[in-house]
Amino acid sequence: MLYRRNRILRVSPAIRAMVAETSLSANDFIVPLFIVEGSGITEEIATMPDYYRHSIDHTVKEVKELWKIGVKSVLLFIKCKDELKDNKGTEAVNPDGLMQRSIKAIKDACPEMVIMTDVALDPFSSYGHDGIVENGKIINDATVEVLARMSVSHAEAGADIIAPSDMMDGRIAAIRSALEENNFHNTGIMSYSAKYASCFYGPFRDALDSAPGFGDKKTYQMDPANRIEAIKETLMDVEEGADIVMVKPALAYLDIIREVKNAVEVPVSAYNISGEYSMIKAAAKMGYIKEEQAILETLLSMKRAGADLIATYFAKDAIKLLS
Ligand code: PBG
C-alpha cells in the first residue's frame with residue numbers, strides 16, 4: 001500500500017511557514033503617493049477610501065514614516081492645477097513644477113528612499129491623454145520628445161528611477177539616451193511595459209482628475225485580449241534599456257506577470273492598481289469579504305505569479321499585517 005500524505009506539510013502553522021514557497025516583505029512594495037499644491041493638506045480620495053492626496057509637507061512626513069516601517073521606494077504622482085494644463089506638457093517639464101519640488105523635498109528629508117516618478121502627460125494634459133493630441137489622435141514621436149525632457153527634469157530634481165506609464169513607442173530608448181546625454185548615468189528606468197487599457201484605472205483618474213476628455217486610451221494601451229504582445233512590448237523595453245519592467249493591472253493579468261517573468265532577466269514589477277484597491281475596500285465595507293485576508297491573499301498571488309516588486313496602495317496595511 002502506497003501512502004501519499006500531502007496534508008503532513010499543512011499540519012501546523014510552523015510547518016506551513018517552513019514550506020511556504022512565497023513570502024511578502026516591506027522590500028517588495030513600491031508606495032504610490034498623490035501630491036497636491038498647498039500646505040497642511042491631507043484629503044481623502046473619494047473613490048479610494050482611506051487613501052489620500054497630500055501637500056508636499058505632509059508627503060515628506062509620510063515618506064519618513066514609510067522609511068521607518070521598511071518601505072524602500074515611493075512612486076510619485078502629482079495633481080496638476082487645471083489652469084496649468086495644456087497640449088504640450090509645458091508644466092511637466094517645469095523645473096519648478098509640483099513634481100520637481102516634491103522630488104527635491106523628499107530627497108532632502110529622506111535621501112535613502114528610492115524615488116520613482118511617473119512619466120506621462122495625462123495629469124498635465126488639457127485632453128487628459130498621455131500624449132500630445134493632434135486632430136483627435138495621440139501623436140507618438142512629439143510626445144516621446146517631451147517625455148524625454150520630462151525624465152531629465154525629474155533626474156535633475158533628484159529622482160532615482162523614471163517610470164514611464166504612457167505606452168508610446170520608442171520612449172525607453174529616447175529616455176535612456178536623454179539621461180545619458182545629461183550625465184545621469186545612475187538614473188534608472190522602470191518601464192510600464194505591458195500596460196493594458198483597463199477599466200480598473202477609474203479611481204486613480206478621479207484622484208488626479210486625469211480622465212481622458214475624449215475617447216479612450218486604446219490606441220496606446222494594450223488590448224486585454226493579448227498575451228504574446230505583452231512579451232513583445234516587454235522584450236523591446238528591455239532591449240531599449242529598461243532596468244525594471246512592469247505589468248499593469250495586476251489581478252486580471254496574473255498570467256501575463258508569469259509569462260513576462262519567464263521571458264526576461266530583469267526584475268518584474270506588478271501594479272496593484274486603484275480599481276483593485278477600491279474593490280477590496282468596497283467589498284469589505286459591505287461585509288462580503290475580510291479586508292485583511294483579501295489584502296494579503298491578493299498581494300501573495302502577484303508575488304507567486306512572478307512579481308519581484310509590487311506597487312500597491314495596501315503597502316502600509318500589508319506591512320502592519322506581516323509584522
Ligand atoms: C497614467 C497612469 C495611470 C495609472 C498610473 N499612471 C492611469 C491611466 O493610464 O489612465 C493608473 C494607476 C492606478 O489605477 O492605480 N499614465
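Both ligands and their constituent atoms are indexed starting at 1 by order of listing.
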Heavy-atom nearest neighbour in the protein, as seen from [atom], with distance rounded to 0.1 Å:
atom                    : answer
atom 12 (C) of ligand 1 : Phe204 CD1, 3.3 Å
atom 14 (O) of ligand 1 : Ser274 OG, 2.7 Å
atom 1 (C) of ligand 1  : Asp122 OD2, 2.7 Å
atom 9 (O) of ligand 1  : Lys195 NZ, 2.7 Å

- State plainly whether the residues Lys316 and Glu62 are in salt-bridge range, i.e. N to O under 4.0 Å.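 Judged by the 4.0 Å cut-off on N to carboxylate O distance, Lys316 and Glu62 do form a salt bridge.
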
- Message: Under a 3.5 Å threshold, yes or no: a donor from one side chain and an acceptor from the other, between Glu259 and Asn262?
- Response: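 No, no side-chain donor-acceptor pair sits under 3.5 Å.
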
Check ligand 1 against [X] and write out every atom of the ligand that is under 4.0 Å from a heavy-atom position of the residue.
X      : value
Lys248 : 2 (C), 3 (C), 4 (C), 5 (C), 6 (N), 11 (C), 12 (C)
Arg205 : 8 (C), 10 (O)
Ala120 : 16 (N)
Phe77  : 5 (C), 6 (N)
Tyr313 : 12 (C), 13 (C), 15 (O)
Asp130 : 1 (C), 16 (N)
Asp118 : 6 (N)

- Query: Relative to the ring of Phe214, is the ring of His129 parallel (under 30°), tilted (30 to 60°) or perpendicular (over 60°)?
  - Reply: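 Ring orientation, 0 to 90° scale: tilted.
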
- Parallel, tilted or perpendicular: rings of Phe314 and Tyr277 (30°, 60°):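 Because their plane-to-plane angle lies in the 30° to 60° range, the rings of Tyr277 and Phe314 count as tilted.
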
- Message: Tell me if the centroids of the rings in Phe204 and Phe34 come within less than 6.0 Å of each other.
- Response: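 For Phe204 and Phe34, the ring centres are under 6.0 Å apart.
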
- Message: Any nitrogen or oxygen of Ser165 lying under 3.5 Å from a nitrogen or oxygen in ligand 1? Just yes or no.
- Response: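 Min N/O separation from ligand 1 is below 3.5 Å for Ser165.
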
- Sub-3.5 Å N/O-N/O distance, Asp166 and ligand 1: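 Among all N and O atoms of Asp166, none is under 3.5 Å from an N or O of ligand 1.
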
- Query: If you draw the axis of the six-membered ring of Phe124, does the NZ or CZ of Lys88 fall within 45° of it and under 6.0 Å from the ring centre?
  - Reply: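 No - Lys88 does not lie over the ring of Phe124 by the 6.0 Å and 45° rule.
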
- Using the six-membered ring of Tyr271, assess whether NZ or CZ of Lys195 lies under 6.0 Å from its centre and within 45 degrees of the ring axis.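 Output no; distance or angle outside limits.
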
- Taking the side chain as every heavy atom from C-beta outward, state whether Arg205 and Pro212 have any atom pair closer than 4.5 Å.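 A side-chain contact under 4.5 Å exists here.
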
- How long is the gap from CD1 on Ile139 to CG on Asn87, to the nearest 0.5 Å?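 These two atoms lie 8.0 Å from each other.
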
- Message: Can you check which of Met246, His129, Lys217, Met48 brings a heavy atom nearest to atom 8 (C) of ligand 1?
- Response: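 The residue whose heavy atom sits nearest atom 8 (C) of ligand 1 is Lys217.
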
